[in-house]
Amino acid sequence: MKDIGQYNHKDIEKAYSKSWAEEALYSVKEPSSERRFSVVIPPPNVTGSLHMGHALNVTLQDVLCRWHRMLGKDVVWVPGFDHAGIATQYVVDRQLQERGINRLDIGREEFLKKVWEWVPLSRRAIREQLEKLGVSVDWFRERFTLDEGFSRAVRHAFRKLYEEGLIYKGEYMVSWCPKDVTALSDLEVEHEEEDGKLYYIRYPLEDGSGFVLVATTRPETMLGDTAVAVHPEDERYKKLIGKKLKLPLVDWKRRAMDGSEVPPIIPIVGDERVKPEFGTGVVKITPAHDPVDFEVGRFHGLPFVQVMDAFACMNDNAGDFAGLDRYLARKKIVERLEELGFLERVENHRHAVGKCYRCKTVLEPMVSTQWFFKVSDPRIKETAKRVVRDGLIRFIPENWSKIYMQWVENLKDWCISRQIWWGHRIPVWYCKDCGHENLFTDEDFDRVYDKLIFNLIADGKIKEEFTPEEVASHLNSPSFVHPEFTVLDFYKKFVFYRYHSTEVDANSLRLFFTQDLNPMAILTEKKSRYKYNPHQKTYRFILRCKNCGSENLKQEEDVLDTWFSSALWPLGTFGWPEHSPDLKNLYPTDLLVTGFDIIFFWVARMVFMGTFFMKEVPFRDVYIHALIRDEKGQKMSKTKGNVIDPLEIMEKYGADSLRFTLAVLTQQGRDIKLSEKRFEGYKHFANKLWNAGRFILLNLDSDLLSNLPYSAPPRAEDLWITTKLNKTARVVNEALSEYDFSEAARELYEFVWSELCDWYIEFSKLRLYAKPEENLTEEERRVQEEKIRAERITVQAMLLGVFEKTLRLLHPFMPFITEKLWQELPTAHGRSISLVQYPHFNEQEVYEEAERRVERLKEIIGAIRSLRSDLRIEPSKKIRLFYKARESLKLVEEFMPHILSLARLESLQEVFVLPERAVAGFSEDFEFFVPLEEGIRLEELISSYSRRLQELEKQLTSLEEKLSNENFLRRAPEEEVDRARIMLEELKREKLKVEELLLALRRASSP
RNA sequence: AGGCGCGUAGCUCAGUUGGCAGAGCGCCUCCCUUACAAGGAGGAGGUCGGCGGUUCGAGUCCGCCCGUGCCUACCA
């Protein structure tokens, strides 16, 4: 007997989100490889805080992880964060700009320091949000895509791919963002339809015999034209092939990328790629600024003239227009062309423009030297197709595998270099003497210290010139692998675990360097790795060219595409490239949950890396969920101001309501339209559950458990609710195993609200509040009291048992409220509801007979309530009722107290003749009569019955038609025909009944 | 230009081998009944986008069309 008061989500959620993390409840040190269930979180970007999409993503994962954990699995769910190259650089850059600081002014090193200051802030904020959401991740395994371990994994992966010939460097056409000043991969280009212009320009023939007319959408690129192309079979222009044109405007020197001078006299070439039907059938060729022209230029050996710089400003090759922004240049060039009579006409033209997916700047195709991952290689591409085709990886819903396959089929090589600062710097050092391209990873060094120092330098943690003290202090600073690690801890645990004896401090380091520099070491090693500077007292770590031995090396400036490291996420988080126990036990993961927008960016690329390096898929099931949109179906974005912040929602409605709402809304479609109202509805549900718990706890005797063996046998409603709950458990388990979150959640909602609260709890009050009759003898009274006591114990045990099981079923969806309520129950044992067994279907607990009787009882009570309502009898008014029944007779007698209570009757008496002056209702064979009193209004009832009659007539007509259709009788299955016949009989009986009642009512209402 | 999805109650959506159209919210009526007014009881509301086909029978399977959203694509 205790009162837990009113539902207050804030207190509950705050207490548990903290204690779960502090107790490391979801940390599994040594998972068994057979019973494990392993998942890696799609790492959120450290660009700010979580949005609703993240909330959905982690909620679904948490539901599944909690479910599997309760099914007895060793669930390891690895959390972590993505350094998010361009995105994070963009965020920090903007912050600096607001303080009037320019990134280019302070330089790379200083800027990266600022980013490293920002990262922990964002990381902490997101971590807190995840905890608030109640995610059951193993925080001891937290990782970051730019932590020491990942950097090492990335260098290792780069090296292997490079050595296998799967990474190459080359000069190609790439999409270039002039705002972020970097190359982008094809995937990072967003195409958008825009209204533009098509300019028709005259290019005069060199011999003065006329001109050809070319059409272009980007006239500014004409300054870089080095040819004009026509289709070789085009009758109009065929004869012009080989002739020369004078490029308008250009009367200055242009230099090609190879340094040669390019005259403004350009050839007309024939090329199949030209479509005669577009424009004039003549196309200008700018090999350095258009992807197709690039191909054409290479094919015909044309010079490449760049006319723009990295910021999309015109360069020296643009002569008079040098220094102008591309759009200003376009305007000026068009004006000049018009002045000089080269512009024939301008048409409106709608076309697709490529934009940067981050900053939406219109991209410029540029020729530049970039690094590529040769994903078109069969070792990558064919494997990636095979694992899905053969079902080693399963997409849910299934149709995404088709989309995946199509994309992989059309793969082009992936540009992985970025000209930004924030990210994994490419581990390549160029020799300034012989030009050799050197690739270094710590595997190039034998000694532990060398490996260590190399990694620190490669990660930019120490400078090339350093002191042992600096190294030691860095090693003892916090690691980015995990906030509670030092850098040294990390190296010991993951990298150098084979060398446990290695103690690293300033002294041993100094000793190491001294030894390294002594004459003996130099003799044995030929050349020392370290150069000592006696003035500065610093050491320099020496890399030597693998070709010529020169020490004059310079590291590649470019960093890797952020997705290159994310692609290693399911490997790196488990310690790869080391053969760690985690890698052995937890790879491949069992499940990946993500949105369809990153199937190509991330999912496919994890498949590339996983299958290549591990010879095994990175995950088995890929559950693809919808994207969150606002109530109008628009994407949520800060600029539109239509975001619904999960933090605000949790504050107002609670994490449990947020989670349950998202689970219910997770249909297999493509998007979820969200409005704040949805959360309100499910907060009511949480409240309902709370109050059910409150009711039960209020009515439990404090000594219940010790009295348990002694009790009265269960009643029909007990068996009924047991069956219902059992069936609910079956549906929920089945739904979850099919990733049908919505079905599982709705089923639970339905059970809690419509069965448990609406009916069972109401029924339970009969026994809980039972009192002995009055005017009894002492003896009789004692017997009755004993019986009531026994009944009370039974119903309390039932309530307790049913509720406890319900909480367990609900726990994956609403972890906080279920934990709290469960802990309040006298049966609570162990640390947490999340560690006890999940209920499953039990064949023994199906009581069909009891279930049918109680369902029938509900119908009867419903019919009486309906009549009361039609007669406008106030709910609080108890009425006298008379009834007639045949098959239902026993049932009515058995459940007399239930009917009296739930239908709010003063009495229910059987009669054998129709009462005079009474209005009636029925439910099948159960007929009942309310004595007609003054003030009872019949109109509503009459119209209610009239509507019912109409409906019946409609159904009857269609049924009769069906049954008179010979084809139906002949061809439909027998049971179908029988069902129709039975229904016809029932409808006819009901119709007679309704007509009879209507007649009586009409008589009564018009005296 | 190809590909994928969606059109069912006022709104958001369920509807699993074809066999009597459902839920939540909203709306209407009545009630603050000792867990819960964040509640209880009852109720209204639908030619399942359109046309055609298969079938005894179609929201469900097939075809075409209309509307709508998204993804992919080098059309100057």
Side-chain angles (χ1 to χ4, degrees), chain A residues 3-4 6-7 173 186 191 198-199 214-218 221 229 273-275 277-280 282-286 290-295 349 351-352 354 365 399-400 402-403 406-407 410 596-597 599-600 627 629 631 633 653 664-665 667-675 677-678 680-699 738 740 742-743 746 749-750 757-758 761-762 765 769 862 865-870 872-877 902-904 940 944 947 955 958-959 962 965-973 975-977 979-980 983 987:
Chain A
D3 189 352
I4 53 173
Q6 292 194 325
Y7 176 49
M173 179 63 66
D186 296 340
H191 295 276
L198 193 56
Y199 302 88
V214 301
T216 180
T217 51
R218 299 190 306 147
T221 63
R273 280 164 277 225
V274 178
K275 288 181 182 137
E277 65 279 5
F278 186 88
T280 59
V282 186
V283 59
K284 61 190 238 11
I285 302 296
T286 322
D290 182 278
V292 180
D293 294 5
F294 178 82
E295 301 287 326
H349 181 62
H351 61 137
N399 62 321
W400 291 108
K402 194 178 164 188
I403 299 191
Q406 279 175 1
W407 183 77
N410 296 314
F596 62 82
D597 52 332
I599 290 180
F600 307 143
L627 254 41
R629 294 175 191 285
E631 49 198 315
Y653 307 102
V664 167
L665 295 181
Q667 245 83 58
Q668 308 253 327
R670 279 209 179 184
D671 46 47
I672 294 174
K673 286 190 211 163
L674 202 58
S675 72
K677 261 203 156 155
R678 313 303 297 260
E680 200 185 333
Y682 292 104
K683 178 171 182 188
H684 294 176
F685 176 61
N687 185 60
K688 189 76 180 175
L689 182 74
W690 180 266
N691 279 301
R694 184 184 182 193
F695 170 83
I696 289 165
L697 287 164
L698 274 172
N699 286 289
E738 289 161 14
D740 193 341
S742 185
E743 165 82 0
R746 273 184 282 123
Y749 183 100
E750 174 76 13
C757 292
D758 285 353
I761 285 184
E762 292 307 319
K765 289 175 182 171
Y769 302 153
R865 284 170 169 175
S866 188
L867 182 74
R868 288 183 59 123
S869 184
D870 281 341
R872 298 287 181 270
I873 299 171
E874 294 168 9
S876 58
K877 188 177 177 191
L902 272 68
R904 302 201 64 76
E940 286 294 331
S944 169
R947 272 196 307 273
Q955 284 183 22
S958 93
L959 252 188
K962 197 176 191 177
N965 183 338
E966 270 186 44
N967 272 326
F968 175 71
L969 297 174
R970 206 167 55 236
R971 303 200 187 179
E975 64 262 30
E976 196 54 45
V977 179
R979 257 177 49 187
M983 193 180 302
L987 288 177

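Because the structure is predicted, anything quoted here is derived from the model rather than measured. Below, chain A is the first sequence line, B the second, and so on; all start at residue 1.
Across the protein-nucleic acid pair, A:Lys677 atom NZ and B:G10 atom C1' stand 12 Å apart, rounded to whole Å. Following rounding to the nearest Å, A:Lys402 (NZ) and B:C71 (C1') show an atom-to-atom distance of 13 Å. Atoms CD (A:Gln406) and C1' (B:U72) sit 9 Å apart, rounded to a whole Å. Atom NZ of A:Lys877 and atom C1' of B:C30 are 14 Å apart (whole Å). Spacing between atom CZ of A:Phe600 and atom P of B:C4 amounts to 13 Å, rounded to whole angstrom units. Rounded to a whole Å, the CD atom of A:Glu975 is 18 Å from the P atom of B:G57. If you measure from atom CD of A:Glu976 to atom C1' of B:G19, you get 4 Å, rounded to the nearest angstrom. Remark: P of B:G3 and CD1 of A:Ile403 are 12 Å apart, rounded to the nearest angstrom.
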**OP:** Starting at the 5' end of nucleotides 34-43 of chain B, put B wherever the base has a protein heavy atom under 4.0 Å, S where only the sugar-phosphate does, and a dash everywhere else.
**Re:** -BB-BSBSSS
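Comparing the C1' positions of B:U47 and B:G43 gives an interatomic distance of 24 Å, to the nearest angstrom. The P atoms of B:A9 and B:G3 are separated by 30 Å, rounded to the nearest whole Å. Across B:A44 and B:A35, the matching C1' atoms stand 31 Å from one another, rounded to whole Å. Rounded to whole Å, the C1' atom of B:G50 lies 14 Å from the corresponding atom of B:G59. Across the C1' atoms, B:G7 and B:U60 are found 15 Å apart, a figure rounded to whole Å. On the P atoms, B:G45 is 36 Å away from B:G63, given to the nearest whole Å. Taking the P atoms as reference points, B:G24 lies 38 Å from B:C64, given to the whole Å.
Within 4.0 Å (heavy atoms only), A:Arg979 reaches sugar-phosphate atoms of the nucleic acid but no base atom. As judged by a 4.0 angstrom heavy-atom cut-off over every strand, A:Pro365 is placed among residues making no nucleic acid contact. Within 4.0 Å (heavy atoms only), A:Lys962 reaches at least one base atom of the nucleic acid. In this structure, A:Glu680 reaches neither bases nor backbone, as no heavy-atom distance under 4.0 Å exists between it and the strands shown. Contact annotation for A:Arg746: backbone-only contact, meaning every heavy-atom pair under 4.0 Å involves sugar-phosphate atoms and none involves a base.
For the OP1/OP2 pair of B:U72 and a distance below 4.0 Å, the side-chain nitrogens and oxygens of A:Asn410 include no atom meeting the criterion.
Closest contact between the side chain of A:Arg904 and the listed nucleotides B:U33, B:G19, B:U29 involves B:U33. Of the candidate nucleotides B:C71, B:C20, B:C25, B:C20 has the atom nearest to the side chain of A:Met983.
Remark: the backbone N or O of A:Val664 is not paired with any side-chain donor or acceptor of A:Arg678 at under 3.5 angstrom. Proximity of a side-chain donor or acceptor of A:Arg694 to a complementary backbone N or O of A:Gln6 within less than 3.5 Å is not detected. Looking only at distances, a side-chain donor or acceptor of A:Arg865 sits under 3.5 Å from a matching main-chain atom of A:Leu902. Using a distance-only test at 3.5 Å, with no hydrogens or angles considered, no donor-acceptor pair links the side chain of A:Asp290 to the main chain of A:Thr286. Using modelled atom types, no side-chain atom of A:Asn687 and backbone atom of A:Lys683 make a donor-acceptor pair closer than 3.5 Å.
Classified by interplanar angle (parallel below 30°, tilted 30° to 60°, perpendicular above 60°), the ring pair A:Tyr749/A:Tyr682 is perpendicular. Ring geometry, A:His349 versus A:Phe278: the interplanar angle exceeds 60°, so the pair is classed perpendicular (tilted spans 30 to 60°).
Between A:Val274 and A:Ala229, the shortest heavy-atom distance links the atoms CG2-CB, 3.7 Å.
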**OP:** Fill in the dot-bracket string of RNA chain B, one character per base: . for unpaired, | for a pair to another strand, ( ) or [ ] for pairs within the strand, taking Watson-Crick or G-U pairs under 3.5 Å.
**Re:** (((((((..((((.....[..)))).(((((.......))))).....(((((..]....))))))))))))....
**OP:** List the steps and the verdict of side-chain contact (heavy atoms from CB on, under 4.5 Å) for A:Arg979 and A:Glu975.
**Re:** CA-CA 6 Å; A:Arg979 257 177 49 187; A:Glu975 64 262 30; 5.9 Å; no
Please tabulate the protein-to-nucleotide N/O contacts below 3.5 Å involving nucleotides 73-76 of chain B, giving atom names and distances.
residue	atom	partner	partner atom	Å
B:C75	O2	A:Lys275	NZ	3.3
B:A76	OP2	A:His349	NE2	3.3
B:A76	O2'	A:Ala215	O	3.2
B:A76	N6	A:Lys275	O	2.7
B:A76	N6	A:Phe278	O	3.4
B:A76	N1	A:Lys275	N	3.3

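Summarising the geometry, atom CG belonging to A:Leu198 is positioned 8.5 Å from atom NE2 belonging to A:His351; distances are rounded to the nearest 0.5 Å. Within the model, atoms CD of A:Gln955 and CE of A:Met983 stand 8.0 Å from one another, a figure rounded to the nearest 0.5 Å.
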